[in-house]
Amino acid sequence: MPYNLTVNGKNYAVDVDGDIPLLWVLRDTIGLTGTKFGCGIAMCGACTVHVDGQAVRSCVTPVVDAAAKQITTIEAIGDTPEGKRVQQAWLDIDVVQCGYCQSGQIMSAAALLAANPKPSDDDIDAVMAGNICRCGTYPRIRAAIKLAAQG
Amino acid sequence: MTKRTLTLSLVAALAAAGLVAALAPITGYAETSGGGALKAVSEFSSIADAKERSKAIFAEASRVLTHPRCINCHPATRSPTQGEDMHPHVPLMIAADSSMGPAGLACSSCHGAENRGIVGSRLKSIPGNAHWQLAPESMAWQGLTVGEICRQVKDTERNGNRSHADLVKHMGEDHLVGWAWHPGEGRSAPPGSQPELAALIAAWVHTGAECPD
Amino acid sequence: MSIFDRANLALSRRQLLIGASLTGAGLVIGLRPQPSAAATEPFAPNAFIRIPLEGKIAFIMPSVEMGQGIYTAVAMMLAEELEVGLDQVVLEHAPADPKQYANPLLGDQITGGSLAIRGIYEQMRKAGATARIMLVSAAATDWGISPDACKAEAGHVIETGGSRRAAYGSLIAAAASQAVPQEVPLKAASSYRVIGKPVRRLDSPEKVNGTAKFGIDARPQGVSYAAIAICPHFNGKLRAVDEAPAMAVKGVAQVVRIDEALAVVANNTGAARKGLAALSIEWDPGPSATVSQAELERRMDAAIDGEALRHINEGDVAKAEAEHGPVHEFIYRMPILTHSTMEPMNCTVHVRPDSCEVWVGTQVMGRARQVAADVTGLPVEKVVVHNHLLGGGFGRRLDVDGVILATKIAKQVAGPVKVTWSREEDIRHDCYRYLNYSKVTATLGPDGMPVSWRHRVIGPSVMARWLPAFTKDGIDLDQMAGAESPYQIPNRYTDFARHEAPDGMLTGNWRGVGATRNIPPIEGAIDELANAAGIDPLDYRRRLLQHKPRLLAVLNLVAEKASWSTALPEGKGRGIALTEDFGSFAATIAEVSIGEDGRFRTERIVCAIDCGQVINPDTVEAQIQSGVVYGLSAALYGRITVENGAVVEGNFDDSPVLRIHETPPIEVHIVPSTEAPGGIGELGTPGVAPALLNAIHAATGKRLRTLPIDQTDLRRV
């Protein structure tokens, strides 16, 4: 049966099985490819999106669990105050390398700052340890979150 | 998942403990697990000394409490462990003040209200429950002896101010406790069933809630 | 023949336009300028620059961007001599065209080996200068003055001391008819305006807002989505499968069988993965099915004292050993490693009767095109490869096995099909860094300094398959990279004991290539020799490096920055490792602490590097940190094991990589230099493991010679 999804404020009716992960519905069915596939088992964080403002791993979120909720992806996170600050800090620090994990990193960082405007190093670790970066941008991710936290 | 009312033996045990009124109507997940059997309360009747019988019953119940499905979320630190070998949770998770993980990486970032099948991985599924969270710091069981766990369980300062009756209800009825017997594909369940655990806890309470040394 | 040769121009421009017309908007980094209404053809004096009448200037990237910052660096080099601002350009992926875009050092359109800037530093500056000279000449002709009376600045030709100025776009028709200069003088480094200054990456904005397109993001019209299961056993085959359970899954359209794999095609990847998981696939495991990790390690151990081919033989090692004895012997064992790029392997292919299109992110554009032609039987000119940003390379995308598989599958599918590997397939079917062992033997003179050095390298020859030109008389020159050590030792002997992985287990290039393989045994052994001689490991190295001023300089700098001479408390230790490769020099100091539980923590990594002329210092720092993190992951966790002729590990749960909370502060100090630029993408990786091993020894007295580091108990012995 079709599920009604609200993604970045737009409505989509998607006709897929309810247990299909949200990730693939976003990327393939709707065509928002900013959200990335990395592991499929919630180990790497590349697929992080916000559902009703909470960071979730879309690769293990069945689409049925996201129906009728507000879904926000990297393509629209800049419309939130935290998302905008995080993206600007990412540019100012020049965090990215290959860039593949960065959608997820930014989504996690935005969720962190929304709940915790002045995170300590330990606070940053506690949230960002869920996101893997093989290029090793971790030092700059930490610096960029601190910069974004300054306002 | 099948769900049925408590078995007669449990009702009998509860009646014996004088707890039926407090608990009824109680339901539990009677699905057994492949985790092996738990001894029935009756099997302890040969222990004449009530105090010793109580200790033995708790020791039997502790086979559930110390099973990875239960004790993984009663860690020594404020980070859960994972898997049959109880390795540190990957990725790093901390309880945070909520016991449900920090905002940005809450338990519910990955764990849903139900177990979630995943394809292609040896993990088979991501476990889930609507109340998925870490036990409070006072209920850290990892590294404790069975006797120490027992004393924690009945210490109202450290057990969430639960009376003995509350304990039986919690063990027998709590949805998250019950999850242990249907942990999702790729994970073992503890021995017995939730009603059988509750029966043992009730019998332990009835025999004086004595703790092994 | 130079590509700036006039006779070549018409051809290059035509090829470029063909490439552009086929590639479409999906290949553009940033926005492709819309064709102007005017019929004026853009000015494309070479394969790297295209200046339109209006709008931004296109720079075409000969190397691929996989995080190393090469797109920004190429733009800086072109812009330096073309005299344009980086805000005036857009970047485009090059088409597959090895004739135009081969790296001069590799002779092929390959991005790897930290060779990009080394290979194209002069080529790019000349490309920019050539275009500028022709534009200036066009303006000067128009104005009736000497080109010497003109200067170029920010995309304009300006009359020096006069009032006339012309935008490059307005000069393109005239510029195209100017003679191509034969002499192209280049700026001195001292007058660089862009090169050497910190510049923000040009690919950051799209990578921050989700619009960047990686290979996995390709969505050509009508695309379907495939999940793939490759026979888990090396060289195994598909035997049988009942397709019905997959076909019953909503959205699944087709099950495709090829010899070694099976794919489920659906209208989304999730349905394809679900369909694939529903199948019970019978594999024919083939002859390798019994191979176990213990057996592979036993074979490697046996190879240590087996046949070997002599590579370097200086002085008389045997005589020195006989005279000086005793012979110190150290055997280092390094594990099988995966690349684990964040973007799993994927490739989208559309096979038509008379043509083939491939959408992929690859380090080897020409090879990708060639294998698609081979699989389809089409002439290579009928194959178009659309390159993309790479979600990590590290050597994984130097192989085209994924293109071959996807093209085989696409032959059976109507319309384009995107084949996305699961993480499990990605880890279980990598082009692995195979087991590599080293035996180092040395003798010390009366002063404790080494008088003889033997280094036997035991491992596979990747180059025999991948780039035979990098072999000589059966010796894999990459495997032997630097095996003789940079140290001044009078008698040195190296040899290569080739030992291959089991049949069907693909081995390939891994970040840091030969250096990552050889630096751990060399730097571990030199540390052990210093200990044996009772000499401080820093002083020991200094004494052996008097003939290597640049290496000595980074060693001295890192020692100062890491406060080597300051004592550390009990339970902490520092270790040094040096790397000379890729035309660059690096010194790494790791500082570790051992906890009460016996586990160690990396407290700090300090690097000093000399990579010659720096293009973008901000990128240099990022790349060294990147290489260090990659090296830490491998040193702490990297180990693939084999059972039943198949790789055991499959995802980040059992094949973990470093995360942010385990990442120490990483300091990068750059020695200023105007020497030729060296590579930086791999420079940070090789020294990490040996610096850690040496630091652990300093902290605990335990000498580990096997990687990854056994962290179970490192309490002081």
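Within every chain, numbering begins at 1; the chains are lettered A, B, ... in the order of the sequence lines, protein sequences first and strands thereafter. Note: hydrogens, waters and symmetry copies are ignored here, and every other heavy atom, side chains too, is used.
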Next item on the list: Give the member of Asp618(C), Asp653(C), Thr420(C) that has the highest number of heavy-atom pairs under 4.5 Å with chain A.
Entry: Asp618(C)

Check: Do Arg219(C) and Asp28(A) sit within salt-bridge range, that is, some charged N less than 4.0 Å from a carboxylate O?
Finding: no

Notebook entry, point to check: With a 4.0 Å cut-off, would you call Lys36(A) and Asp217(C) a salt bridge?
Noted result: yes

Checklist line | Expected output: side-chain Arg423(C) to main-chain Gly40(A) donor-acceptor under 3.5 Å | finding: no

Check: Can you say whether Pro205(C) sits under 4.5 Å from chain A via the side chain, the backbone, both, or neither, judging by heavy atoms?
Finding: both

Next item on the list: Below 4.5 Å from any heavy atom of chain A, which atoms of Val199(C) appear? Answer side chain, backbone, both or neither.
Entry: backbone

Checklist line | Any donor-acceptor pair under 3.5 Å from Asn209(C) side chain to Gly78(A) backbone | finding: no

Note to self: Please classify the contact between Met342(C) and chain A as side chain, backbone, both or neither, with a heavy-atom cut-off of under 4.5 Å.
What the structure shows: both

Next item on the list: State, yes or no, whether a side-chain contact exists between Val16(A) and Lys250(C) at a heavy-atom distance under 4.5 Å.
Entry: no

Checklist line | Distance (rounded to the nearest 0.5 Å) between His661(C) NE2 and Asp121(A) CG | finding: 13.5 Å

Checklist line | Ala622(C) portion near chain A, given a 4.5 angstrom heavy-atom threshold | finding: both

Checklist line | Step-by-step side-chain contact (heavy atoms from CB on, under 4.5 Å) determination, Lys274(C) to Asp19(A) | finding: CA-CA 9 Å; Lys274(C) 184 180 175 183; Asp19(A) 62 353; 2.9 Å; yes

Item checked: Distance in Å, Arg134(A) CZ paired with Arg511(C) CZ, rounded so as to fall on 0.5 Å steps -> 9.0 Å

Check: Are the side chain of Ser626(C) and the backbone of Cys135(A) linked by a donor-acceptor contact shorter than 3.5 Å?
Finding: yes

Notebook entry, point to check: Between Ile20(A) and chain C, which part of the residue has a heavy atom less than 4.5 Å away: side chain, backbone, both or neither?
Noted result: side chain

Next item on the list: Measure Ile216(C) against the heavy atoms of chain A and call it side chain, backbone, both or neither at under 4.5 Å.
Entry: both

Next item on the list: Identify the two heavy atoms, one from Phe652(C) and one from Cys39(A), that lie closest to each other, and give their separation to 0.1 Å.
Entry: CD1-CB, 3.8 Å

Notebook entry, point to check: Can you check whether Val629(C)'s main-chain N or O pairs, donor with acceptor, with Tyr138(A)'s side chain at less than 3.5 Å?
Noted result: no

Checklist line | Residues in residues 85-113 of chain A that sit under 4.5 Å from chain C, counting heavy atoms only | finding: Gln87(A), Trp90(A), Leu91(A), Asp92(A), Asp94(A), Val96(A), Gln97(A), Cys98(A), Gly99(A), Tyr100(A), Cys101(A), Gln102(A), Ser103(A), Ile106(A)

Check: Of the listed residues (Asp122(A), Thr29(A), Asp15(A)), which shares the most heavy-atom pairs with chain C below a 4.5 Å separation?
Finding: Asp15(A)

Check: Quick one: CD1 on Ile660(C) to CD1 on Ile141(A), what's the gap to the nearest 0.5 Å?
Finding: 5.5 Å

Next item on the list: Go through the atoms of Ser204(C) and report whether side chain, backbone, both or neither lie under 4.5 Å from a heavy atom of chain A.
Entry: both

Check: Taking everything shown except Lys197(C) itself, do over 12 heavy atoms lie less than 6.0 Å from its NZ?
Finding: yes

